[in-house]
Amino acid sequence: QLARTQDYMSSGSGYVAIQSTRPQTLAYGLNDSPIGLLSWIIEKFWAWADHDGHPEDAVSRDELLTNVSIYWFTQTAGSSARMYYESITSGAVSPPNITTVPVGVGWYPDEILMARKRWIEATNNLVYWYEADRGGHFAAMEEPATFVDDVRAFFHLVR
């Protein structure tokens, strides 16, 4: 997992730099070109989903095209990128305060950045931890039944 994180930090996080500093410039390009938008989003599925070389092994081609189409027809690539700019410039991305709010974590093996349980426990009231066998950054799309069971199990504990 450490190698995956190191690879992401050295060659896979450029989108964060673009979206957090120039989201509007990116928005113009993505909203102007359906092929540009398709390549931007599909590359993320290729890099971040749990598959053996083909993103459609994790998420069907119809689901991938539906995802891209929603951004295209609503022209929301810019507003989705703007979240990075707003989070970083507002200081919202900072070390967490210790909290007593119940926290549940679903740990999927091909997630981009992997938190360790002890890190979460240090600053949170961790009441639920689940380690899935499969799944990546798009776990809700890749492993929907597992993801739903995971969410239900957490909320069963805190309701």
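Bear in mind the structure is a predicted one, so any value in this text is a computation, not a measurement.
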### Distance-only side-chain donor-acceptor flag, Thr66 / Asp62, under 3.5 Å
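There is no such pair (donor and acceptor under 3.5 Å, judged by atom type) between the side chains of Thr66 and Asp62.
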Test of understanding: clusters of I, L, V, M, F, W, Y form through side-chain heavy atoms closer than 4.5 Å, transitively. Do [X] and [Y] belong to the same one?
{"X": "Val127", "Y": "Phe155", "value": "yes"}
{"X": "Met83", "Y": "Tyr28", "value": "no"}
{"X": "Phe73", "Y": "Leu65", "value": "yes"}
{"X": "Val59", "Y": "Ile70", "value": "no"}

On a heavy-atom basis, which atom in [X] and which in [Y] lie closest, and how many Å separate them?
{"X": "Gly78", "Y": "Asn31", "result": "N-ND2, 4.3 Å"}
{"X": "Asp57", "Y": "Asp52", "result": "OD2-N, 4.2 Å"}
{"X": "Ile112", "Y": "Tyr8", "result": "CG2-CD1, 3.1 Å"}
{"X": "Pro23", "Y": "Tyr85", "result": "CG-CB, 3.7 Å"}
{"X": "Ala49", "Y": "Ala58", "result": "CB-CB, 4.0 Å"}
{"X": "Tyr84", "Y": "Val16", "result": "CE2-CG2, 4.2 Å"}

Looking at side-chain heavy atoms only, is the closest gap between [X] and [Y] below 4.5 Å?
{"X": "Trp107", "Y": "Arg116", "value": "yes"}
{"X": "Val68", "Y": "Leu37", "value": "yes"}
{"X": "Thr21", "Y": "Ile88", "value": "no"}
{"X": "Tyr128", "Y": "Val151", "value": "no"}
{"X": "Val103", "Y": "Leu126", "value": "yes"}
{"X": "Trp40", "Y": "Leu26", "value": "yes"}
{"X": "Leu38", "Y": "Pro34", "value": "no"}
{"X": "Phe45", "Y": "Leu64", "value": "yes"}

### Task
Assess whether atom OH of Tyr130 is packed by more than 12 heavy atoms of other residues, nucleotides or ligands within 6.0 Å.
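Check passes, neighbour count above 12.
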### Query
With a cut-off of 6.0 Å (strictly less than), are more than 12 heavy atoms of other residues, nucleotides or ligands near CZ of Phe154?
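Yes, because the 6.0 Å sphere around CZ of Phe154 holds more than 12 heavy atoms from other groups.
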To the nearest 0.5 Å, how far apart are [atom1] in [X] and [atom2] in [Y]?
{"X": "Lys44", "Y": "Ile41", "atom1": "NZ", "atom2": "CD1", "result": "9.0 Å"}
{"X": "Ser87", "Y": "Arg82", "atom1": "OG", "atom2": "CZ", "result": "11.0 Å"}
{"X": "Asp149", "Y": "His156", "atom1": "CG", "atom2": "NE2", "result": "13.0 Å"}
{"X": "Glu63", "Y": "Glu142", "atom1": "CD", "atom2": "CD", "result": "10.0 Å"}
{"X": "Ser13", "Y": "Gln19", "atom1": "OG", "atom2": "CD", "result": "11.5 Å"}
{"X": "Asp110", "Y": "Phe138", "atom1": "CG", "atom2": "CZ", "result": "12.0 Å"}

### Message
Apply ring pair (Phe, Tyr, Trp, His ring centres under 6.0 Å) to residues Tyr15 and Trp48 and explain how you reach the verdict.
### Response
CA-CA 13 Å; Tyr15 78 98; Trp48 303 342; 5.0 Å; yes
#### Entry: Identified side-chain hydrogen bond (donor to acceptor under 3.5 Å, both in side chains) counterpart of Tyr108 within the set Asp50, Thr146, Asp133, Asp150
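Testing each of Asp50, Thr146, Asp133, Asp150 against Tyr108, the sole residue satisfying side-chain hydrogen bond (donor to acceptor under 3.5 Å, both in side chains) is Asp150.
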### Task
Say whether, by atom type as modelled, one donor and one acceptor occur between the side chain of Gln75 and the main chain of Trp72 under 3.5 angstrom.
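Answer holds: yes.
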### Task
Report yes or no: does Ser33 contribute a side-chain atom to a donor-acceptor pair with the main-chain N or O of Leu30 at less than 3.5 Å?
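Judged by distance alone, no pair lies under 3.5 Å.
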### Query
Can you say whether the rings of Trp46 and His51 are parallel (under 30°), tilted (30 to 60°) or perpendicular (over 60°)?
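Ring orientation, 0 to 90° scale: tilted.
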### Message
Does Lys117 qualify as a cation-pi partner of Trp119, given the criterion of NZ or CZ under 6.0 Å from the six-membered ring centre and within 45 degrees of its axis?
### Response
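Pair Lys117/Trp119 does not count as cation-pi.
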